[in-house]
Protein chains: 2
Amino acid sequence: MSNKPADEINENGTGFIKNVAIDTVIFGFHDNLLRVLLSAYKNTNYFALPGGFIREKENLHDAARRVASERTGLDDIYLEQFYVFGDYSRYDPQPFKVIMEANGNRPSESHWLLQRFISIGYYALVDFTRATPTPAAIFDSCNWYDLNNMPELIQDHSKIITKALEVLRANLDHKVVGYNLLPESFTMGELQKLYETILSKKLLRPAFQRKMLSLCILERVAKKYSGGAHKAPYLYRFVTGE
Amino acid sequence: MSNKPADEINENGTGFIKNVAIDTVIFGFHDNLLRVLLSAYKNTNYFALPGGFIREKENLHDAARRVASERTGLDDIYLEQFYVFGDYSRYDPQPFKVIMEANGNRPSESHWLLQRFISIGYYALVDFTRATPTPAAIFDSCNWYDLNNMPELIQDHSKIITKALEVLRANLDHKVVGYNLLPESFTMGELQKLYETILSKKLLRPAFQRKMLSLCILERVAKKYSGGAHKAPYLYRFVTGE
DNA sequence: CCAAAAGTGTTGCTTCTACACCCATGA
DNA sequence: TCATGGGTGTAGAAGCAACACTTTTGG
């Protein structure tokens, strides 16, 4: 939970469901690295996952989509609910107290943001080249960090990312992941690099190519002349069924 | 959400987290049928999943375990969090209003149980022969219903069961399910019947037997002389690693 | 003509499917 | 001894890992 617009910061959180937060793990892929969007709070050393809250009459999914959209500038985002984090031990209001104080607020102990939150985790898969990381108004910046080189995160946000990656990996087999993380067209090599990065292991090139083509979800578009001294790879794109 | 003890029924739900419910789909297996525990409210025609709420300092998992334990009398229950139901359209306070009125209460519109709830779904797998369905104090009865022959349920509880079954099926491959749904010892035929019931399809006997044995999680205990005019099957049990 | 990367062929192993066969049991 | 259900054997198909080979590109 983070990135709240200014008007959300009032003592009792009018208009929002209390004690429930949404944390989104927004994955992007670039330069052969899997990255996530993190918010950095101004005037503090705190980093956190993009998060938000559910409006009183808002669908849970829509709230997650709203958060992911506001941070990326995209409006057609692939989202997957992956886990709920509900241990009482994750209750840690200290960071928010510091953040608010660093920004000139003096919240009372009963401020709604200082209460316990049950956090519903969503992961998003976005096309790195189309997303424009956008910090929430006033409060923070927002940037990509690769998974192997992340700053320390508040609360249990590191664990949330770990769990998101775990579920993403488990879903690799039966859900099409590349469609959301890659640009419109891409080479088979790029697709393989994506899979290898998510799984953290090498895959055999011939096997991967055949497996992907056997799914009948890819079509060849054209060849890509990269200027490299080697055979030009085909470009592929996902067939959308239209 | 249902089965609340009397002391939970006060206007503002003191001691509980508001707007969040837990619904548990408690599966049991008996007579070759997959069954779920349903609560029937007295003085109404309403049936619902066993449910409950999270105490202010209680872990989410512990709240789910508490609900499942109270309904079954068991204390070592296998639980799996499977989905969160958060559409605003599922908000339907009517049944609770009727239930409370049928039991002599006159809740105000602002009664906490008549507010919107986001419901966290857990499924439980229990040994039918050990569970003793126990209704929550005063309010309702509690019984097994087989999946193909269920009463109409309040709100979106049917959809919740459908989703639970979906996830249970998906988990059949990589989680050991029989251990929790069967008694201490069982025949290979019984285990196969369980799988066939969950998947709603026939499996090949030799293949099933070999697959199960190849997992090295079963050990033979003894033969079972059923009195039937046929070869006595072996009894198996899950090796626990002790 | 060479190096590098992409695409395809092939071989052998493992796994699964489908059916056949044998074994034990009590009427 | 027969019907019934449980356990095992096995041939063929399918799938996959591993490696070899061919093709294309620019230096």
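Residue numbering restarts at 1 for every chain, and letters A, B, ... go by the order of the sequence lines.
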For D/dT25, does either OP1 or OP2 sit under 4.0 Å from a side-chain N or O belonging to A/Tyr225? yes

Between A/Lys223 and A/Ala207, which residue's closest nucleotide on DNA chain D lies nearer the 5′ terminus?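 This one resolves to A/Ala207.
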
Answer yes or no: side-chain N or O of B/Arg205 and base N or O of D/dG5 forming a donor-acceptor pair under 3.5 Å.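 Absent.
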
Can you check whether any acceptor in the base of D/dT10 is under 3.5 Å from a donor in the side chain of B/Arg210, or vice versa? yes

Assign each of B/Lys211 and A/Ala232 to its nearest nucleotide of DNA chain C by heavy atoms, then name whichever residue's nucleotide is nearer the 5' end. A/Ala232

First encountered from the 5' end of DNA chain C, between A/Gln209 and A/His230: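 This one resolves to A/His230.
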
What is the distance from [atom1] of [X] to [atom2] of [N], rounded to the nearest Å?
X: B/Met188; N: D/dT8; atom1: CE; atom2: C1'; answer: 12 Å
X: B/Leu204; N: D/dG7; atom1: CG; atom2: C1'; answer: 15 Å
X: B/Phe208; N: C/dA18; atom1: CZ; atom2: P; answer: 16 Å
X: B/Lys202; N: C/dT17; atom1: NZ; atom2: C1'; answer: 17 Å
X: B/Lys193; N: D/dG5; atom1: NZ; atom2: C1'; answer: 11 Å
X: A/Lys224; N: C/dA4; atom1: NZ; atom2: P; answer: 19 Å
X: A/Leu191; N: C/dA5; atom1: CG; atom2: P; answer: 18 Å
X: B/Leu203; N: C/dC16; atom1: CG; atom2: C1'; answer: 13 Å

For residues A/Phe29 and A/Phe128, establish whether the separation of their ring centroids is below 6.0 Å.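 Not close enough - the centres of the two rings lie 6.0 Å or further apart.
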
Please check: side-chain N/O of B/Gln209 versus main-chain N/O of B/Pro206, any donor-acceptor pairing under 3.5 Å? no

Within 45 degrees of the ring normal and closer than 6.0 Å to the centroid, is that where the cationic atom of A/Arg220 sits relative to A/Tyr236?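 Not flagged: A/Arg220 not positioned over aromatic ring of A/Tyr236.
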
SB check B/Arg35 B/Asp146 (cutoff 4.0 Å):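 Salt bridge: no.
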
Just compare C/dA6, C/dG9, C/dA24 and give me whichever is closest to any side-chain atom of B/Lys231.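 Nearest nucleotide to the side chain: C/dA24.
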
Angle class for the B/Phe47/B/Tyr145 ring planes (parallel below 30°, perpendicular above 60°, tilted otherwise)?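 Rings of B/Phe47 and B/Tyr145: perpendicular, over 60°.
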
